[in-house]
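Reviewing the structure listed below.
The chains referred to below are lettered A, B, ... by the order of the sequence lines, with proteins before strands, and numbering in each begins at 1.
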Amino acid sequence: MTAPQFEIQLIAVVVAVSCALPGTFLVLRRMAMMSDAISHSILFGIVVAFFVVRDLSSPFLVVAAALTGVLTVSLVELLNRTGLVREDAAIGLTFPALFSVGVILVSRYAGSVHLDTDSVLLGELAFAPFNRLAVMGYDIGPRAFYLMAGIMLLNILFIAVFYKELKLATFDASLAGVLGFLPGFLHYALMALVSVTAVGAFDAVGSILVVALMIAPPTTAYLLVDRLSLMLAVSALLGAVSAISGYWIAHVLDASIAGSMASMAGLLFGAAYLAAPGRGLIAITVRRVRQRWKFAQTMLLVHLYNHEGLPAEVRENRIPTLHEHLKWDHRFAERVVAAAGRQGLVESRDRRLLLTDRGRRAAREAMVG
Amino acid sequence: MEFLGDLLANYTLRTVGMGAVFLGAVNGVLGAFAVLRKQSLLGDAISHAALPGIALAFLLTGSKATLVLLLGAAAAGWVGTLFVMNIVKNTRVKYDSALGLVLSVFFGIGLVLLTYIQRMPVASQAGLDRFLFGQAATLLARDVATIGLLGAGVLLIVLAVWKEFKLLCFDPDFARSLGFPIRWLDVLLITLLVTSIVIGLQTVGVVLMSAMVVAPAAAARQWTDRLGAMVAISAFFGALAGGAGALTSSVMERLPTGPTIVLCLTVIVLVSLLVAPNRGVIWKWARERVNRNMLQVEAVLADLHVLAARHDDPGHGHPISVLRTMSIGHGGVDRSLEVLRERGFVRKTADGTWSLTPRGLEEAKRLEGRRGEGP
């Protein structure tokens, strides 16, 4: 592994972790699409700020992006509050407009801005190591790393300081309001944080893949764990794994690094969707099948119990006709009887099915409980 | 007029204009249903999810024919929608997270494939990236024919199942109870939406295509409360913005088509939100003002009536300061008195005080009676 390769992975990991942290709150607060809106509309802020300061590396750009993010959120809320459009439509109206102005400004003045529409969408992670940060003449590493590391620390600090408040505002906004925790203020602070993170990540992975890094790892973590603190940690870890594995896949295919990071984040979600303990598709299917068998067995026991010792018993509890009484498929009935026999709940005598003591107890329990 | 002349004479511009107008109209129609069904952002997911489909279609067939690429796009967009629906159905993941996830991950896969294709040693890959921001200028007559054919098909189907779609939008439970196959109607409507989005990708691009779905419909919603009218207006707005945007970007250099069309749409939306009768912001503001003024006038008249009842002489004048004191809470005494005098309900006496005229007395009694009945 060469030095630039190591540096690219380092930056990718820092970007992914920075995105996953505020993303966790977006996912929990059902505002995932807000990251889409913000990551698009900050382009407008960056371009406008660039025209003012004429310097793409100015920290002023980050401030402008944060303001644009908050502006986007306020515009969405303003539109929503007129009662003329629903919230989802308000999002869908706001960010394309701001993004379009940004794109048009970039393409009209492409000569003077070191931004082009491709890098807006794709990011330039592969070039990040070429832009070095020098302190007093010493090369101390790629500039993007320090920018993103700073943003990551800011995110960690914000979440650490306001952990309790964020938790309460996320899970019970009204209680947070009653207790005086200013959920509105936290909301805008979080949005500003998302914007700052998006503008930092924007350079590296482009505007749309910021969304992937903000949403996919937390959504995956949401399927895996039940505690906020764990969800934050797992999201960050999943982000880092997507970053490193994505880098190497891009290396092999000679394709977009950001794109394969997003693909890996998606793949990890796919894996959790299938195999998450208790919540994945496999677990759901297994549970359903198991419940079906358990239910069928209980039905059988109760049926036998109901007719035990009655004149109809001879007719009702005969093995060959059992499936008709319970309205089951013939083969299914055979398998249920076989399974119940293996567990010592029933026994067959002269083609008749009799409950054992255990079976009788189980039937009684099922009817009472 | 000169521009129009050029437009009719210029073959390329005519092609581009026709294509953009048509796809704007089709998306306006389907967008109306999407917005009414609270699926505004589904269009965003579909259009982004279409990108890997375009790349895969090219990788598998090596063809750049519009129809092949659009089929790939439609398949991928459809699969993306299916993922969103199934993730929401099977897990506790919410709709917005599922949308954001599918949108960005599919787009990421699309980018991997596109960059992979770009570095392939064959020369024919150029031009796939026009699907990112759209390039109306690359529309050929053949493409417009494809757009026209697919779009016409979509519109015909919408007309054929108009009644069912209407029920699906406004009362799906009732529709189900009547025995309509809601699931299949849902699938059909989404398939039509996917088709209409896909035919716009070449012109508007995957990034901004969602605006073509949401904006015309959101604007049209302000002008009417009837589905038929809304769909028609939405189609008109879509066509207008599509045509204007595509033509402007074709005649001006370095003006990407998608963003230009979106700006045209934004203007239409803003105007609609502000001035649309009944719902528009300005209209509402004016109505509230009129209502408030009317209430103030009635309140002053009632105050005068109360004062008159305390005197034997109904023509007895009352100083304005008394009325002002009584009107704390509603205000506007001076203006209201002017309005009342114009209508002949009050008069100013010689010593500068105000009193009810006989007609004013009658009016005040009538209003009091109405208040008494109350709702």
Side-chain angles (χ1 to χ4, degrees), chain A residues 26-27 30-36 40 79 82 84-86 88-89 91-93 96-97 99-104 107-108 110 117-118 121-122 206 208-216 218-219 222-223 249-250 253-256 258-263 265-266 269 273 276 279-281 284, chain B residues 35 38-41 43-44 48 87 90-116 119 129 132-133 207-208 210-211 213-215 217-218 221-222 254-256 258-263 265-266 269 272-273 276 279-281 284:
Chain A
L26 290 179
V27 165
R30 305 181 185 197
M31 293 172 48
M33 289 308 279
M34 214 48 124
S35 67
D36 190 36
H40 281 83
L79 268 180
T82 59
L84 298 177
V85 288
R86 286 203 195 87
D88 58 335
I91 294 177
L93 290 171
F99 186 67
S100 297
V101 175
V103 171
I104 287 176
S107 25
R108 294 292 292 168
T117 46
D118 269 3
L121 286 181
L122 312 182
I208 294 166
L209 300 173
V210 170
V211 180
L213 292 180
M214 283 198 181
I215 303 308
T219 309
Y222 190 51
L223 287 181
I249 286 174
L253 291 177
D254 190 15
S256 152
S260 43
M261 280 165 68
S263 310
F269 174 80
Y273 181 46
R279 292 206 188 85
L281 277 190
I284 294 174
Chain B
V35 166
K38 302 177 197 164
Q39 291 178 336
S40 295
L41 292 174
D44 207 22
H48 284 75
I87 289 173
N90 290 329
T91 68
R92 60 174 179 176
V93 171
K94 308 297 181 297
Y95 183 62
D96 62 307
S97 301
L99 270 185
L101 183 102
V102 165
L103 175 161
S104 55
V105 169
F106 270 62
F107 189 81
I109 297 172
L111 276 187
V112 169
L113 294 174
L114 271 191
T115 44
Y116 176 71
R119 283 157 206 175
D129 47 352
L132 291 179
F133 282 118
V207 183
L208 290 167
S210 67
V213 177
V214 183
R221 175 67 189 88
Q222 313 310 324
R254 290 186 301 176
L255 198 59
T260 314
I261 292 180
V262 170
L263 285 193
L265 282 171
T266 306
V269 170
S272 302
L273 288 179
R279 280 171 65 99
V281 171
K284 259 192 211 158

Which region of [X], side chain (C-beta onward) or backbone (N, CA, C, O), has a non-hydrogen atom less than 4.5 Å from a non-hydrogen atom of chain A, or is it both or neither?
X        : value
B:Ile109 : both
B:Val93  : both
B:Asn90  : both
B:Thr266 : side chain
B:Ser272 : neither

So, do [X] and [Y] sit near enough that their side-chain heavy atoms are less than 4.5 Å apart?
X        : Y        : result
A:Met33  : A:Leu26  : no
B:Ile261 : B:Leu265 : yes
B:Tyr116 : A:Asp254 : no
B:Val213 : B:Ser40  : no

Results of ring-ring contact (aromatic ring centres under 6.0 Å, His included) for B:Tyr95 - residues two or more places apart only: none
Contacting moiety of [X], where chain B heavy atoms sit under 4.5 Å:
X        : value
A:Leu79  : side chain
A:Met261 : neither
A:Phe269 : side chain
A:Leu281 : side chain
A:Ile284 : side chain

From A:Ile215 atom CD1 to B:Leu99 atom CG, the distance as rounded to the nearest 0.5 Å: 10.5 Å
Mind checking the CE-CG spacing from A:Met31 to B:Asp96? Nearest 0.5 Å is all I need.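 If I round to the nearest 0.5 Å, the distance is 9.0 Å.
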For chain B, which of A:Gly266, A:Ser35, A:Pro96 has the most heavy-atom pairs under 4.5 Å?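 Among the listed options, the one with the most contacts to chain B is A:Pro96.
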Interface residue of largest heavy-atom contact number with chain A, from [options], under 4.5 Å:
options                                : value
B:Thr260, B:Asp44, B:Leu113            : B:Asp44
B:Gly108, B:Gly100, B:Ala215, B:Ala211 : B:Gly108
B:Thr91, B:Val35, B:Ile87, B:Leu103    : B:Ile87

Ignoring hydrogens and geometry, is there a side-chain-to-backbone donor-acceptor pair from A:Arg279 to B:Arg92 under 3.5 Å?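 Not a single qualifying donor-acceptor pair exists.
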Partner residues of A:Arg86 under the side-chain hydrogen bond (donor to acceptor under 3.5 Å, both in side chains) criterion, sequence neighbours left out: none
